[in-house]
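The structure under discussion appears below in the form of structure tokens.
Computed from a predicted structure; not experimentally measured.
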Amino acid sequence: VHENARRAFEIFLIQSQDKPDLTRFELIFLDQQVASRQITAFFKKLTSVLEHPEEKRLLNKVVAGQKRFDDRLGEIEMLLPLGKKNEALQGLQQEILPSLALYLKAWDEFIELERKLALQKEEQLAQRYAFARKLIFALIALAFICACLFVTHVVHHISSALAAIRKGVNTLRWNNFEQDILVKNHDEIGELAAAFNLMRASLRENRLQLFSYQQDLEQMVTLRTQELSHANTELQDSNASLEQSNEKLAATHVQLLQS
């Protein structure tokens, strides 16, 4: 924008000369036209992306200042072909320069506002970054705590299952075949506990069968003992009868001898 304003003044000065340098005039005029198209395209793009109301207001002020400057410059330049150089120079001092100052001031206000908004945006981004950083640290700490709780739960789960199995082994050592191991694990430890319970049930069944066989054997021994005792009693009775018979025979024999 400043370069384009300088070109406009340079064109004005060339036109105000008695013998204008037309070649230089054409070169500067072409550069000014290219820069003007770039500035116009920039205004359109800038207008489409502005969101803050104050930005739009100051940009409108810039556009109005540019239009005022271009209008005043065009009016003064029209005096040069008519030979009114003194009036043109007077218009340069009284109208063009003040309008240019207002135009540049409008640009300065707009740029200052953009600087402040950029600083505010930077501060907001810094605050968001700080918040995101704190949030990330909080999430990391939470993940660490959850991991510790999970590991603690797993260790407690495994240790409690192993303690139950150890208790079951101790009860089995004291010939307690009735209490099963209560383990709710669905892993290798749970399978080990289930196998231990099956072994306990099998031992309990074998022990019951062995106890039944023992009772049957004791009953058979008692029965055989009773039978032997009864037979022994009968045998003793028979021996007593035989002894009595022998005694009677001996007495009879004596009587016969005496006779």
Side-chain angles (χ1 to χ4, degrees), residues 1-5 34-67 101-174 176-202:
V1 171
H2 284 73
E3 284 294 319
N4 215 32
V34 172
S36 297
R37 287 193 294 269
Q38 292 176 349
I39 292 173
T40 302
F42 173 72
F43 277 154
K44 291 181 180 180
K45 183 178 180 181
L46 192 61
T47 304
S48 63
V49 298
L50 293 181
E51 298 179 355
H52 199 278
E54 187 67 14
E55 288 180 304
K56 295 180 180 179
R57 186 185 70 80
L58 291 180
L59 183 62
N60 292 331
K61 186 176 180 180
V62 170
V63 174
Q66 181 192 24
K67 186 176 185 303
L102 293 175
Y103 178 44
L104 295 178
K105 182 180 179 181
W107 265 115
D108 291 338
E109 291 177 355
F110 180 78
I111 293 173
E112 180 63 19
L113 176 64
E114 290 299 318
R115 186 186 68 83
K116 291 180 179 179
L117 293 177
L119 290 176
Q120 292 178 1
K121 191 69 174 179
E122 182 180 358
E123 185 178 358
Q124 291 176 359
L125 291 176
Q127 292 176 355
R128 291 181 181 178
Y129 171 76
F131 175 75
R133 187 176 180 181
K134 292 179 181 179
L135 181 61
I136 291 174
F137 286 152
L139 292 176
I140 292 175
L142 180 61
F144 178 76
I145 293 173
C146 292
C148 292
L149 292 176
F150 176 76
V151 171
T152 303
H153 173 71
V154 171
V155 171
H156 175 72
H157 192 60
I158 295 176
S159 60
S160 61
L162 292 176
I165 294 176
R166 183 174 64 251
K167 182 179 179 181
V169 172
N170 291 331
T171 56
L172 187 62
R173 183 184 302 172
W174 294 102
N176 185 359
F177 298 93
E178 302 299 329
Q179 184 178 359
D180 290 335
I181 298 176
L182 299 178
V183 176
K184 298 181 180 180
N185 296 46
H186 299 285
D187 50 10
E188 289 78 3
I189 296 178
E191 295 177 358
L192 177 62
F196 188 84
N197 288 331
L198 290 176
M199 182 187 69
R200 181 194 292 273
S202 178

Roughly how far apart are W107 CH2 and L59 CG, rounded to 0.5 Å? 6.5 Å

Once side-chain contact (heavy atoms from CB on, under 4.5 Å) is applied, do any residues pair with K121, and if so which ones, sequence neighbours excluded? Q124, L125

Taking only residues two or more places apart in sequence, or in another chain, which ones meet R115 in a side-chain hydrogen bond (donor to acceptor under 3.5 Å, both in side chains)? E112

Got a second to check how far F137's CZ is from L142's CG, nearest 0.5 Å? 15.0 Å

Beyond-backbone contact of R133 with I136, side-chain heavy atoms, under 4.5 angstrom: no

Suppose we screen for side-chain hydrogen bond (donor to acceptor under 3.5 Å, both in side chains). Which residues come up paired with R128, at least two apart in sequence or across chains? none

Taking only residues two or more places apart in sequence or in another chain, which ones pass salt bridge (charged side-chain N to carboxylate O under 4.0 Å, His left out) with K105? none

With rounding to the nearest 0.5 Å, note down the distance linking OG1 in T152 to CD1 in I145. 11.5 Å

Can you name the residues that form a side-chain hydrogen bond (donor to acceptor under 3.5 Å, both in side chains) with K116, not counting sequence neighbours? none

Please report the closest heavy-atom contact between F110 and L50, naming both atoms and the distance. CE1-CD1, 4.2 Å

Not counting sequence neighbours, list each pair that qualifies as a salt bridge (Lys or Arg N to Asp or Glu O under 4.0 Å) and has a residue in residues 53-65. E54-R57, K61-E109

Y129 side, atom OH; L135 side, atom CG - distance, nearest 0.5 Å: 13.0 Å

Under the rule for side-chain contact (heavy atoms from CB on, under 4.5 Å), what residues qualify as partners of A35, not counting sequence neighbours? N4, R7

